[in-house]
Number of protein chains: 2
Amino acid sequence: MARAQAANTDTATRTLDVAERLVQTRGFNGFSYADIAAELGVTKASLHYHFASKTELGRALIERYAERFRERLGQIDAGGAAPPAKLAAYADIYASVLRDRRMCLCGMLAAEYETLPEPIREAILRFFDESETWLADVLEQGEADGSLRLQGSARDEGRAIVSGLEGALLVARPYADVDRFETAAASLLKRLAAA
Amino acid sequence: MARAQAANTDTATRTLDVAERLVQTRGFNGFSYADIAAELGVTKASLHYHFASKTELGRALIERYAERFRERLGQIDAGGAAPPAKLAAYADIYASVLRDRRMCLCGMLAAEYETLPEPIREAILRFFDESETWLADVLEQGEADGSLRLQGSARDEGRAIVSGLEGALLVARPYADVDRFETAAASLLKRLAAA
DNA sequence: GTCTATAGGCAGATAGAC
DNA sequence: GTCTATCTGCCTATAGAC
């Protein structure tokens, strides 16, 4: 993991890549070490060398996913767009997940929440909390500069956006219908546009 | 199943009751025949007598769930309330699911969609289709009588409501926070209220 | 309709050689 | 860091007695 490895091709990273896709498409209870091993052409024992337990693998998965999500939020902030455009860019993160025919990693894990070990549970809640905090900030900016009009508190509107987008992903995926998602997302954001 | 059984206490019915709760809380891949058998105090073999395969059990589960959902929609219609009140009653079906600390059965299965056998997949899509059709009707009534104001088509607004409520359930459940759901649901419906 | 017994497979995980 | 081999336990499902 350290040193000058070929960054994206070491076994640990490739394991995370495959496991991430499997969780996002099949759920944490819908794949096994054997699935990953077969796809990478290694044995299950090798995987256990890098991630001692499935719980540890899951924790690492969320951590990397949240970190990348955080980076994308930082890029949106750095772009300096107006609040409505920031919200659209936020929704487009979700759209890109669906175009990959995946569910949001943490949305999927939220469904399985009751079956998951404690370290994973905590990480899921932190992920949603971060999104909600970032959205609340954007919504407050928009209210301040007059580009957005909120009906409830920034916190509550932020929560409605997160859950609205997660639900749009959840339902659109069985239909394999990106338009279905786009329409729901647009309707979600439209109501915040200033009159 | 037929005859004059004590309606709600025969093994088939009790199996459906327990399995339904397990799917709604843990997912289809998160429980086993052994879990149900232990809770009912019978053996796994007995369960297989009533539901030969887990797939058959799942199909029966959705069928009963959809039928009961259909009945509740019928009751709302029979109540003769105005469209905005009908929407609130619809959202309250979801709230009652969350109060039971459950996810919508079909929302849970939507997450696991890719891992599910074909008969179950079909039943999930039919469930969402029915809700969307019913909602589109209510929304059109509301637009006609002036009690609701739609921004998009009735079909699209209906879809946004279904996915918005499913997402609100999905995210609120890990937080075990009914208020979180209520707030998101209210915000979802408020924007349809006539000016 | 429920039971005992069991088949056959896959799960997550570990020991120890290389 | 990857392998072979193996453990233990659970999974869905079936056969056949009662």
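All chains are named by letter (A, B, ...) in the order of the sequence lines, taking the proteins before the strands, and each is independently numbered beginning at 1.
One atom, OH of B:Y49, and another, P of D:dC18, lie 19 Å apart when rounded to the nearest Å. Straight-line distance from the CZ atom of B:R14 to the P atom of C:dT2: 8 Å, rounded to whole Å. If you take CG of A:L40 and C1' of D:dG1, they are 14 Å apart, rounded to a whole angstrom. Straight-line distance from the NE2 atom of B:H48 to the P atom of C:dA7: 16 Å, rounded to whole Å. We find that OH of B:Y33 is positioned 22 Å from P of C:dA5, with the value rounded to whole Å.
Without hydrogens or angle criteria, A:T13 side chain to A:T9 main chain gives no donor-acceptor distance under 3.5 Å.
Of the residues near DNA chain C, A:T55 and B:T43, the one whose nearest nucleotide (by heavy atom distance) lies more toward the 5' end is B:T43.
If you check D:dT2, C:dA13, C:dT2 against the side chain of A:K54, the one that comes closest is C:dA13. If you check D:dT14, D:dT2, D:dT12 against the side chain of B:A45, the one that comes closest is D:dT14.
Taking the centre of each ring, B:Y65 and B:F127 come in below the 6.0 Å mark.
The shortest distance between the side-chain N/O atoms of A:S46 and the OP1/OP2 oxygens of D:dC3 is below 4.0 Å. Note on B:T11: a side-chain N or O is less than 4.0 Å away from OP1 or OP2 of C:dT2. Between A:H50 and the phosphate of D:dT2, there is a side-chain N or O to OP1/OP2 separation shorter than 4.0 Å. The side chain of B:S32 places no N or O atom within less than 4.0 Å of a non-bridging phosphate oxygen (OP1 or OP2) of D:dC10.
A heavy-atom distance below 4.5 Å is found between the side chains of B:F28 and B:I120.
For the side chain to side chain donor-acceptor pair (under 3.5 Å) criterion with A:Q24, the lone passing option out of A:R173, A:R102, A:R101 is A:R102.
B:F51 comes within 4.0 angstrom of nothing in the nucleic acid, heavy atoms only.
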